[in-house]
K.L.:
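Can you read through this structure? Questions will come right after.
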Amino acid sequence: MSHDPTKPITANTPEQSQLGRASAYADKYDPSQLFPIARATQREAMGIQAGALPFFGADLWTAFELSWLNPRGKPQVAIAHFTIPCETPNIIESKSFKLYLNSFNNTVFASADEVRERLRTDLSEAAWRGSAQPATIGVKLLAPEMFDREPVHELDGLDLDRLDIECTRYQPAPELLSSDATQAPVTETLTSRLLKSNCLVTGQPDWGSVQIRYSGPPIDQAGLLAYIVSFRNHNEFHEPCAERMFTDIWRQCQPTKLAVYARYTRRGGLDINPFRTSWPQALPVNARMARQ
């Protein structure tokens with residue numbers, strides 16, 4: 001099913017997606033399964049204006065359940081890495097992404113290259129739909145002979161979870177964040193495995209870890225950990241959660257540089273790992289963590 005790239009998607013709301021609903025799985029290739037949702041709504045609620053993003057970055061997706069048929073009808077499998085720039089006007093709702101990938105299961109493709117290009121074309125169209133200057137997303141397929149080269153690595157940095165703090169806030173509380181401008185600037189990398197939020201629609205838990213790199217006045221680590229924990233009962237998709245963290249830390253702590261990298265555990269064979277940074281830099285390696 002083709003789409004008019006100029007067609008507005010303002011009617012696409014999370015509540016209209018397949019989340020929380022019984023779904024019929026398409027057994028043949030079906031790009032119409034993809035359900036883009038505009039980023040602008042949640043960004044505007046955070047005070048982020050379209051066309052003036054305070055960050056660079058991308059959403060790094062991994063698909064562990066990708067399969068199709070070769071011309072002889074023999075199943076093929078691969079792991080797929082997707083890089084969706086944060087400048088795209090839309091996120092792709094994750095269940096629709098899964099339903100779309102499932103539609104490859106009984107579809108014949110001539111080669112893995114054909115699969116990759118089909119993924120790139122369809123996902124780029126959905127992510128950039130409505131943009132005056134559409135572009136493409138990154139797609140990388142790993143064949144089975146490459147699987148044992150996939151690293152498993154925890155996020156580097158000082159572990160905030162070592163701190164014995166009292167936690168009483170379970171909705172995002174930026175007032176917990178502070179820094180000490182009277183101290184000499186520092187450059188630090190801080191991590192936590194205690195990130196948890198909930199799906200915006202279903203309320204199901206989303207488990208994650210987060211890495212915060214910054215330069216500037218020292219951030220109060222106990223307050224930062226309490227802030228991360230405060231997402232525990234918050235209903236929001238992964239991508240805006242990371243952007244909310246970035247925005248709150250940037251405003252409350254006033255670092256000169258800031259990068260926020262959240263890695264969420266997989267659901268339905270997909271994980272989503274948003275990365276936001278205040279300065280142009282290479283994207284982090286999409287290496288899964290033990291819980292992913």
Side-chain angles (χ1 to χ4, degrees), residues 12-23 34-48 55 57-65 82 84 86 90-99 101 155 160-161 165-177 190-212 223-249 252 260-276 288-292:
N12 278 9
T13 66
E15 294 76 16
Q16 294 172 323
S17 74
Q18 290 295 322
L19 284 169
R21 301 180 185 181
S23 302
L34 292 170
F35 191 86
I37 298 174
R39 296 184 190 266
T41 301
Q42 288 174 295
R43 284 178 172 173
E44 288 171 0
M46 289 182 254
I48 299 174
F55 42 67
D59 306 322
L60 309 179
W61 294 65
T62 311
F64 294 93
E65 300 175 7
F82 305 101
I84 301 180
C86 68
N90 312 309
I91 64 172
I92 300 173
E93 185 276 305
S94 60
K95 184 174 180 180
S96 80
F97 204 143
K98 173 63 175 174
L99 293 172
L101 293 178
L155 293 172
L160 291 172
D161 302 344
I165 65 169
E166 181 177 5
C167 299
T168 60
R169 308 288 294 276
Y170 301 111
Q171 290 290 343
E175 61 271 19
L176 294 170
L177 295 166
L190 307 172
T191 64
S192 174
R193 296 179 179 88
L194 302 187
L195 175 60
K196 174 192 168 289
S197 55
N198 301 321
C199 173
L200 178 64
V201 177
T202 67
Q204 292 295 307
D206 294 321
W207 304 94
S209 299
V210 62
Q211 179 190 67
I212 294 158
L224 177 58
L225 179 58
Y227 169 74
I228 293 169
V229 170
S230 76
F231 279 74
R232 193 167 185 85
N233 292 340
H234 180 57
N235 293 356
E236 197 165 46
F237 291 140
H238 301 17
E239 300 93 336
C241 276
E243 294 180 359
R244 186 177 297 277
M245 284 192 176
F246 180 97
T247 303
D248 286 346
I249 295 170
Q252 296 289 118
V260 173
Y261 185 27
R263 292 199 64 90
Y264 281 88
T265 59
R266 75 180 80 164
R267 181 184 290 178
L270 288 168
D271 64 36
I272 308 171
N273 309 287
F275 175 71
R276 302 293 184 267
R288 74 178 180 91
M289 301 174 65
R291 291 194 297 167
Q292 292 182 302

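In what follows, residues are counted from 1 in the order of the sequence shown.
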K.L.:
side-chain contact (heavy atoms from CB on, under 4.5 Å), that's the test. Do Ile84 and Glu239 meet it? Break it down for me.
P.N.:
CA-CA 11 Å; Ile84 301 180; Glu239 300 93 336; over 6 Å; no

K.L.:
Could you tell me which residues satisfy ring pair (Phe, Tyr, Trp, His ring centres under 6.0 Å) with Phe275, sequence neighbours excluded, listed by chain and number?
P.N.:
Tyr261

K.L.:
Are any of the side-chain nitrogens in Arg244 or Glu236 under 4.0 Å away from the carboxylate oxygens of its partner?
P.N.:
yes

K.L.:
Considering the options Leu224, Leu177, Leu176, Thr247, which one meets the side chain to side chain contact (heavy atoms under 4.5 Å, CB included) requirement together with Gln252?
P.N.:
Leu177

K.L.:
Does Phe246 have Arg276 sitting over its ring (NZ/CZ under 6.0 Å from centre, angle to axis within 45°)?
P.N.:
no

K.L.:
Short question: side chain of Lys196, backbone of Arg232 - any donor-acceptor pair under 3.5 Å?
P.N.:
yes

K.L.:
Would you confirm whether Arg43, through its side chain, and Ala38, through its main-chain N or O, come within 3.5 Å as a donor-acceptor pair?
P.N.:
no

K.L.:
Quick one: CG on Asp271 to OG1 on Thr265, what's the gap to the nearest 0.5 Å?
P.N.:
8.5 Å

K.L.:
Arg291 side chain to Arg193 main-chain N or O, any donor-acceptor pair under 3.5 Å?
P.N.:
yes

K.L.:
Partners of Phe82 by ring pair (Phe, Tyr, Trp, His ring centres under 6.0 Å), sequence neighbours excluded?
P.N.:
Phe97

K.L.:
Where do Tyr264 and Gln292 come nearest, in terms of heavy atoms and distance?
P.N.:
O-NE2, 2.8 Å

K.L.:
Does the side chain of Leu101 reach to within under 4.5 Å of the side chain of Leu270, using non-hydrogen atoms?
P.N.:
yes

K.L.:
With the threshold set at 4.0 Å, does a side-chain nitrogen-carboxylate oxygen contact exist between Arg169 and Glu175?
P.N.:
yes

K.L.:
Evaluate the criterion side-chain contact (heavy atoms from CB on, under 4.5 Å) for residue pair Ile37 and Phe237; output intermediate values, then yes/no.
P.N.:
CA-CA 11 Å; Ile37 298 174; Phe237 291 140; 4.0 Å; yes

K.L.:
For Gly203, is there any backbone N or O sitting under 3.5 Å from a side-chain donor or acceptor partner on Asn235?
P.N.:
no

K.L.:
I need the minimum non-hydrogen distance between Leu195 and Val210, along with the two atoms involved.
P.N.:
CD2-CB, 4.3 Å

K.L.:
Under a 3.5 Å distance rule, please check whether Thr202 uses its side chain to pair with a backbone N or O of Cys199 as donor and acceptor.
P.N.:
no

K.L.:
Between Phe55 and Glu243, which heavy-atom pair has the shortest distance, and what is it?
P.N.:
CZ-CD, 3.5 Å

K.L.:
Please determine whether side-chain contact (heavy atoms from CB on, under 4.5 Å) holds for the pair Lys98 and Glu65, giving the CA-CA distance in whole Å, both sets of side-chain angles, and the decisive distance to 0.1 Å.
P.N.:
CA-CA 9 Å; Lys98 173 63 175 174; Glu65 300 175 7; 2.3 Å; yes

K.L.:
Within the structure provided, determine whether Ile212 and Ile228 are in side-chain contact (heavy-atom separation under 4.5 Å).
P.N.:
yes

K.L.:
Would a 4.5 Å heavy-atom cut-off, applied to side chains only, mark Arg263 and Leu155 as touching?
P.N.:
yes

K.L.:
Where is the tightest heavy-atom contact between Ser209 and Met289, given as atom of each residue plus distance?
P.N.:
OG-CE, 3.5 Å

K.L.:
Measure across Leu225 and Ser192 and return the closest heavy-atom pair with its distance rounded to 0.1 Å.
P.N.:
CD1-OG, 3.6 Å

K.L.:
So do the side chains of Leu200 and Gln42 get within less than 4.5 Å of each other, counting heavy atoms only?
P.N.:
yes

K.L.:
OG/Ser230 to CG/Asp248 distance, rounded to the nearest 0.5 angstrom?
P.N.:
8.5 Å

K.L.:
Would you give the length of the straight line joining atom CD1 of Ile92 to atom CG of Leu34, rounded to the nearest 0.5 angstrom?
P.N.:
5.5 Å

K.L.:
For Cys241 and His234, work out which heavy atoms get closest and say how close.
P.N.:
SG-CD2, 4.1 Å

K.L.:
State the CG-OG1 distance between Asn273 and Thr62, to the nearest 0.5 angstrom.
P.N.:
5.5 Å

K.L.:
Quick one: pull up CZ in Phe35 and CG in Leu99 and give me the separation to the nearest 0.5 Å.
P.N.:
12.0 Å

